Amino acid sequence: MIYLYDSPLGPISYEWDGECCLRVWLEQHDAEAVLHDDPVSGWLDGYFSRKHVALPLLAPPASGFQEKMRAGLLQIPAGEVRTYGEIAKQLDTAPRAMGQALGANPLPILIPCHRVIAADGLGGFACGLEWKKKLLKFERGF
DNA sequence: CCATTCATAGCCT
DNA sequence: AGGCTATGAATGG
């Protein structure tokens with residue numbers, strides 16, 4: 001089931017099967033219902049009110065690498081950023097692979113892929129650069 | 001200082 | 001298997 005969450009930064013849709021969060025869109029996808037009583041919306045409430053809430057159960061990573069990447073990203077404190085290169089070194093992989101894996105990440109925001117930027121500029125963002133800018137701007141207030 | 005090139009590893013078709 | 005990156009470092013003008 002896909003739900004819609006109306007965040008201060010824009011519409012967020014997510015698929016929730018009652019157990020774990022399967023995927024997240026940074027747009028009004030094909031939301032079938034508006035619900036505010038599951039761990040995902042609870043986490044989003046916490047995020048946007050700058051409180052720490054435990055992550056809901058997430059869809060299992062598609063690969064072992066994505067699992068490592070997830071763990072690495074979750075170590076980044078809110079309001080801070082890393083470069084693709086730094087994460088790559090930490091995970092003992094190549095910077096380019098990071099972009100690929102991050103772009104394939106089905107769970108933006110929950111997995112804070114927006115806190116990863118290029119060594120010189122902003123880098124890219126699968127769901128639109130505007131979101132990345134907005135999220136980083138929001139997190140600067142942490 | 002800008003443009004091009006290449007090494008690199010994981011993802012998609 | 002081959003092509004495509006949300007990169008980065010090195011090179012050449």
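Below, all heavy atoms of this structure are taken into account, side chains as well, without hydrogens, waters or symmetry copies. Given the structure is predicted, the values throughout are model-derived calculations rather than measurements.
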So the side-chain hydrogen bond (donor to acceptor under 3.5 Å, both in side chains) pairs with at least one residue in residues 61-74 of chain A (sequence neighbours excluded) are none
With sequence neighbours left out, the residues meeting side-chain hydrogen bond (donor to acceptor under 3.5 Å, both in side chains) with A/Glu32 are none
Residue set satisfying salt bridge (charged side-chain N to carboxylate O under 4.0 Å, His left out) with A/Arg82, at least two apart, ordered chain then number -> A/Glu80
Exercise for review: Treat each ILVMFWY residue as a node, draw an edge where side-chain heavy atoms are under 4.5 Å apart, and state whether A/Tyr3 and A/Leu57 are in one component.
Suggested key: no
Annotated structure of DNA chain C as dot-bracket, pair cut-off 3.5 Å, Watson-Crick or G-U only, | for inter-strand, is |||||.|||||||
Mind listing the side-chain donor-acceptor pairs of residues 84-93 of chain A below 3.5 Å, one per line with the distance, residues two or more places apart or on another chain?
from: A/Tyr84; atom 1: OH; to: A/Lys132; atom 2: NZ; distance (Å): 3.4
from: A/Glu86; atom 1: OE1; to: A/Thr83; atom 2: N; distance (Å): 3.1
from: A/Gln90; atom 1: NE2; to: A/Gln75; atom 2: OE1; distance (Å): 3.0

Only pairs under 3.5 Å count here: list side-chain donor-acceptor contacts from residues 103-127 of chain A, not counting sequence neighbours, and write none if there are none.
from: A/Asn105; atom 1: OD1; to: A/Leu107; atom 2: N; distance (Å): 2.8
from: A/His114; atom 1: NE2; to: A/Glu139; atom 2: OE2; distance (Å): 2.9
from: A/Arg115; atom 1: NE; to: A/Glu139; atom 2: OE1; distance (Å): 2.8
from: A/Arg115; atom 1: NE; to: A/Glu139; atom 2: OE2; distance (Å): 3.2
from: A/Arg115; atom 1: NH1; to: A/Ile76; atom 2: O; distance (Å): 3.0
from: A/Arg115; atom 1: NH2; to: A/Glu139; atom 2: OE2; distance (Å): 3.0

Do any side-chain nitrogens or oxygens of A/Thr93 fall under 4.0 Å of OP1 or OP2 in B/dT8? no
Polar atom pairs between nucleotides 11-13 of chain C and protein, under 3.5 Å, N or O only, would you list them?
none

side-chain contact (heavy atoms from CB on, under 4.5 Å) filter on A/Glu27, not counting sequence neighbours, yields A/Trp25, A/His29
Write down the protein N/O and nucleotide N/O pairs, taken from nucleotides 5-8 of chain C, whose separation is under 3.5 Å; answer none if there are no such pairs.
from: C/dA6; atom 1: O4'; to: A/Gly124; atom 2: N; distance (Å): 3.4
from: C/dA6; atom 1: N7; to: A/Ala126; atom 2: N; distance (Å): 3.2
from: C/dA6; atom 1: N6; to: A/Leu102; atom 2: O; distance (Å): 3.0
from: C/dA6; atom 1: N3; to: A/Tyr84; atom 2: OH; distance (Å): 2.5
from: C/dA6; atom 1: N3; to: A/Gly124; atom 2: O; distance (Å): 3.2
from: C/dT7; atom 1: O4; to: A/Arg96; atom 2: NH1; distance (Å): 2.5
from: C/dG8; atom 1: OP1; to: A/Gly85; atom 2: N; distance (Å): 3.1
from: C/dG8; atom 1: OP1; to: A/Ala119; atom 2: N; distance (Å): 3.2
from: C/dG8; atom 1: OP2; to: A/Ala119; atom 2: N; distance (Å): 2.6

Residues 6-22 of chain A vs salt bridge (charged side-chain N to carboxylate O under 4.0 Å, His left out), sequence neighbours excluded, gives none
Residues passing the side-chain contact (heavy atoms from CB on, under 4.5 Å) test with A/Pro60, sequence neighbours excluded, are none
Taken to the nearest whole Å, NZ/A/Lys89 to C1'/C/dA9 is 13 Å
Here the ring-ring contact (aromatic ring centres under 6.0 Å, His included) pairs for residues 47-72 of chain A, sequence neighbours left out, are A/Trp43-A/Tyr47, A/Tyr47-A/Phe138, A/Phe48-A/Phe138
